[in-house]
2 protein chains.
Amino acid sequence: MVSHSSENPSDFPIPEEIAGLRMTRQRQEVYRILMQERNHPTANDVFMRIRETLPSVSLATVYNCLEALVQHGIIRQVNFDREPSRYCPNLDEHGHFHDESTGVIHDVRFKPGVNLADLLDLPPGAVIKDIEITLRGALA
Amino acid sequence: MVSHSSENPSDFPIPEEIAGLRMTRQRQEVYRILMQERNHPTANDVFMRIRETLPSVSLATVYNCLEALVQHGIIRQVNFDREPSRYCPNLDEHGHFHDESTGVIHDVRFKPGVNLADLLDLPPGAVIKDIEITLRGALA
DNA sequence: ACACGAATTGGAATAATTCTTGATATCAGC
DNA sequence: GCTGATATCAAGAATTATTCCAATTCGTGT
């Protein structure tokens, strides 16, 4: 399906295919919601939000879409302890600061020139594929 | 109950009370297992292991004990993505390297003098209570 | 020994996520 | 524009880790 502007009411273009993944209407919409709501929503948040524009999508489809987007490196899945997974369209290397008093999650970047792997006492021969940094605390 | 040596066959002493937590037989045993099996076992791992010495303990009790130990800062709970929680008696500040080829989890310490919070672009006023670092990859 | 609060048990309940199956939609080639 | 092959979707059932609950047992202080 071609993304007519009337069907893509967002302020950024969504291509029909990204990284070899067919961008169906549902996936477009899930991605658009993630780009608009930068609050690291859960699958259920996305589900409730998507019903406004595509009332027929099921929660299972939201999960499918999110997984497809994650698998293709278009978004990231973020886990805090055992809480429901959250999703994040920020692909830059970054961590997450979880403000416990408000529940808000802030993206946290490294200061320029910092390479975490250099600062760690890694087991010899370790090849890092992915780094996850989570901070918990509050804003004074 | 006094820890008679016949009832505490480990090579380290377990006090009757730690950090205000009554160390019941079950909690002692859970803690002992964690100290012996440094593989970051799951609650279920501990459950299967504890049946060898205390066959009557329930899985719920294992969860209770683990939670009590975590709450009192005696052990740490470690989460990898959505996998079952793992538990770790290493209280030093450290991260975890998950070797995907073997499934083994290695503790990773910072090189001396490194303070992670200094290297991050934190939101102003952020007070860090806890840091979690997870690395995924393989050993070449 | 007694009473009271804490801990334990076992099973039921919960919640996020995944799986299954049948229905639909989409694509490539003719 | 058709047709078969493939990918996606919807709905609900199933799974899994974990928590909750009610009843019993245990430990500690008196």
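Quick note: numbers below take in every heavy atom, side chains included, and nothing from hydrogens, waters or symmetry partners.
- Under a hydrophobic-cluster definition in which Ile, Leu, Val, Met, Phe, Trp and Tyr are linked whenever side-chain heavy atoms come within less than 4.5 Å, directly or via other members, B:L116 and B:F97 are assigned to the same cluster.
- Here B:R76 contributes atom CZ and B:D130 contributes atom CG; the two are 5.5 Å apart, rounded to the nearest 0.5 Å.
- Using the six-membered ring where Trp is involved, B:H98 and B:F80 have ring planes that are tilted, between 30° and 60° apart.
- Looking at heavy-atom distances under 4.0 Å, A:T42 makes no contact with the nucleic acid at all.
- The residue among A:A60 and A:C65 whose nearest nucleotide of DNA chain D lies closer to the 5′ end is A:C65.
- At the phosphate of C:dT9, OP1 or OP2 sits under 4.0 Å from a side-chain N or O atom of B:S56.
- Residue contacts for A:S85: at a heavy-atom cut-off of 4.0 Å it reaches the sugar-phosphate backbone alone, with no base atom in range.
- At whole-Å resolution of the value, CZ in B:R25 and P in D:dT28 are 14 Å apart.
- Closest to the B:R22 side chain, of the nucleotides D:dG27, C:dT17, D:dA7, is D:dG27.
- To the nearest angstrom, C1' of D:dT18 lies 12 Å from CG of B:N79.
- Here A:Q26 lies in heavy-atom contact (under 4.0 Å) with sugar-phosphate atoms only.
- With rounding to whole Å, B:Q28 atom CD is found 14 Å from D:dC26 atom C1'.
- If you check C:dA16, D:dA17, D:dA10 against the side chain of A:P84, the one that comes closest is C:dA16.
- Toward the 5' end of DNA chain D, the nearer of the two residues B:N64 and B:E83, judged by each one's closest nucleotide, is B:E83.
- OP1 or OP2 of C:dA7 sits under 4.0 Å from a side-chain N or O of B:R27.
- The nearest whole Å value for the distance from the CG atom in B:L66 to the P atom in D:dT19 is 10 Å.
- Between B:A126 and A:L139 the shortest heavy-atom distance is CA-CD2, 3.5 Å.
- At D:dC9, one or more side-chain N or O atoms of A:T24 fall inside 4.0 Å of OP1 or OP2 (strictly under the cut-off).
- Between D:dA10, C:dT8, D:dT8, one nucleotide has an atom nearer to the side chain of A:S58 than all others, and that is D:dA10.
- The distance between atom OH of A:Y63 and atom C1' of C:dT18, rounded to the nearest whole Å, is 9 Å.
- Within the 4.0 angstrom heavy-atom criterion, no nucleotide atom of any strand lies near A:N44.
- Look at OH on A:Y87: it is 6 Å from P on C:dT17, rounded to the nearest Å.
- Atom CZ in A:R86 sits about 11 Å away from atom P in C:dA16, given to the nearest Å.
- Between A:H96 and A:H40, the distance separating the two ring centers is shorter than 6.0 angstrom.
- In this structure, B:M23 places its CE atom 17 Å from C1' of D:dC26, rounding to the nearest Å.
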